[in-house]
Amino acid sequence: MSAVSKTFHVTTFGCQMNEHDSERMKGMLVALGYAETAEQQEAELILFNTCSIREKADSRFISYLQLAASYKRRNPEIVIGVGGCWAQSVKEDVFRQFPYVDVAFGPGQVHKLAEFLTSDSLTAQGFFEFEGFTGHLPSARARDFQGWVQISAGCNMKCSYCIVPATRGRQVDRPLEELVAEVREMVDAGVAEVTLLGQNVNAYGRAVRGGSRSSFAALLHELDAIDGLRRVRYTSPHPQDMTEDVVRAHADLASVCPHMHLPLQSGSSRILKAMRRTYSRERFADRVALIREHNPDIALTTDIIIGFPGETEADFAETLEVCEEVGFDGAFTFIYSPRRETEAAELVGDFVPHEVSVERMDRLVEVVQRRALERSQRFVGRTLDVLVEGPSRTDPSRLRGRSGHGKTVNFSGLAEAGEIVPVQITGATSQTLAGEMSLLARALV
Ligand code: 5AD
Ligand code: SF4
């Protein structure tokens, strides 16, 4: 049945790792002779790359899946595939719950999709081993000048709220030489900015399969030496492994962007312990001090969870205090969501009522945004290098791009997507900057 399917559509949920995996999925399908369609209704192969990090992600995906099922009722030739973390977390159950699904595969099993599509199988199949890196598959990059590089898969940490160790398995790192070669190829193909992806990127190097041990700082140094690579970003590091060599790499290496996304999760040492985050409030503050000592201008962003079981008003007040003290340039804030196969989901009692979490969220967002707005004022009057991404979303006569600090910049000027241009910053909100392309500075570049 599947061999006749020639058009495909992929819907991606969740994190940047999934965005990356979807690009690989698309690249692989194109190599198999499939063509992408913009409309899901027109596709003969409907794929979902799923996320399971919070309950909301599950429920959103299921409504999409039901829509795809309605297309399939009209045209039974349609093949429905479900990949990613949600698929991994329910495994074979997917076929019982959603009998119209033809193929399901975990995050390490994207390559098995090709095997399924080229076989004559008439029965539904699931692939849930942890083995493959999607890094080896061809990629269909969404933008020619930006690329993802998956440096490791899985996670060895045991954060008690997190489903990722269950869906993506133990950490496995790709050999350093292989990563350098891959980035070199990307740069030769026109990529100016790479984002290194891993669940715990700065633990890179200890679990290299088929290569010698290395370190995250060593990888940054090797990549910085690649001619033509303008920017290196990465996500997400863990505060536990934020060692001085990584901190120094930001200061010493021109390509490593002045931005670090360092997940705090909670400001209370008691809650951090229950979360099994392996650091205290003080240790986090100490890392921030080290980072800022070497990189006074760096942008720091974070993730915070509200309403973890047992979080009292006093614990939450500590999270607010840390946000005041650190002054993040931005934060993703989440209400705790119990996940199957996690330690925290087993905690009984002490649940924070949803209304309390919502009220705490409002207070947290107020502090985060106020501090982010204060922080972003430092850019006003400066000229920043901006990687042009395309027209501005709010005003198509202007351009949109990203500064090294990770800030979205809307500006007037003339430039092509993929160029890095100097922009004089004239205004700042908590999230975005506004400016004008500096023609004089450009002439000097
Ligand atoms: N509930 C709420 N937020 C979560 N995150 C991870 N697991 C959960 C959960 N069960 C958040 C963390 C992590 C980010 C990617 O998602 O803040 O850093
Ligand atoms: Fe989840 Fe913690 Fe691993 Fe991040 S470091 S993926 S939060 S277990």
Side-chain angles (χ1 to χ4, degrees), residues 12-21 49-61 84-86 88-90 107 148 150 152-168 171 195-203 233-242 260-268 271-272 274-279 281 284 287 300-311 315-316 319 322-323 326 328 330-347 350-354 356-358 360-361 364-365 368 406:
T12 308
F13 300 89
C15 64
Q16 288 169 321
M17 189 70 90
N18 269 16
E19 299 275 347
H20 161 272
D21 285 352
N49 197 5
T50 60
C51 169
S52 210
I53 196 94
R54 285 169 292 275
E55 208 175 338
K56 229 196 243 159
D58 285 9
S59 43
R60 239 184 94 215
F61 153 66
C85 287
W86 178 85
Q88 183 71 37
S89 73
V90 299
W148 313 112
Q150 186 188 9
S152 63
C155 183
N156 287 355
M157 302 304 288
K158 294 189 170 64
C159 301
S160 60
Y161 51 81
C162 185
I163 198 171
V164 167
T167 58
R168 291 187 180 255
Q171 183 173 334
T195 303
L196 310 179
L197 297 176
Q199 246 54 61
N200 182 359
V201 276
N202 52 340
R233 299 186 180 282
Y234 59 84
T235 195
S236 284
H238 193 294
Q240 171 190 281
D241 298 301
M242 189 42 71
M260 194 190 286
H261 182 74
L262 194 64
L264 164 68
Q265 312 300 5
S266 168
S268 151
I271 294 295
L272 286 168
M275 288 177 164
R276 298 201 186 281
R277 286 293 287 174
T278 72
Y279 55 86
R281 171 180 175 173
F284 187 87
R287 292 298 92 185
L300 279 178
T301 54
T302 199
D303 291 341
I304 296 168
I305 299 176
I306 299 157
F308 186 81
E311 183 189 75
D315 293 314
F316 175 66
T319 299
V322 174
C323 290
V326 171
F328 292 106
F332 295 115
T333 50
F334 309 103
I335 291 180
Y336 169 72
S337 164
R339 303 284 56 207
R340 51 194 170 271
E341 292 183 68
T342 62
E343 189 190 337
E346 306 294 313
L347 296 172
D350 267 359
F351 276 106
V352 178
H354 187 68
V356 174
S357 292
V358 169
R360 286 181 187 166
M361 173 70 99
L364 179 64
V365 167
V368 164

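Counting starts at 1 for both ligands and their atoms, in listed order. Throughout, residue positions are numbered sequentially from 1 according to the sequence presented.
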I need the atoms of ligand 1 closer than 4.0 Å to a non-hydrogen atom of Q265, numbered in the order shown. 12 (C), 13 (C), 17 (O), 18 (O)
Apply the side-chain contact (heavy atoms from CB on, under 4.5 Å) test between Q171 and each candidate in S152, C155, P165; give the one that qualifies. S152
Looking only at heavy atoms, is any part of Y161 under 4.0 Å from ligand 1, and if so is it the side chain, the backbone, or both, or is it neither? both
Do D315 and R360 meet the salt-bridge criterion of a basic N to acidic O distance under 4.0 Å? no
Does a donor on one side chain and an acceptor on the other come within less than 3.5 Å for Y336 and E311? no
Considering only heavy atoms of R339, which atoms of ligand 1 have at least one such atom less than 4.0 Å away? 10 (N)
Under 4.0 Å from ligand 1, counting heavy atoms only, is it the side chain of I53, its backbone, both or neither? both
I need the atoms of ligand 1 closer than 4.0 Å to a non-hydrogen atom of R54, numbered in the order shown. 1 (N), 2 (C), 3 (N), 4 (C), 5 (N), 11 (C), 16 (O)
State whether F334 and R54 meet the cation-pi test: NZ (Lys) or CZ (Arg) under 6.0 Å from the six-membered ring centroid, and within 45° of the perpendicular axis. yes
Passing option when Q265 is tested against I304, D303, I306 for side-chain contact (heavy atoms from CB on, under 4.5 Å): D303
May I ask whether I335 has any heavy atom positioned less than 4.0 angstrom from an atom of ligand 1? yes
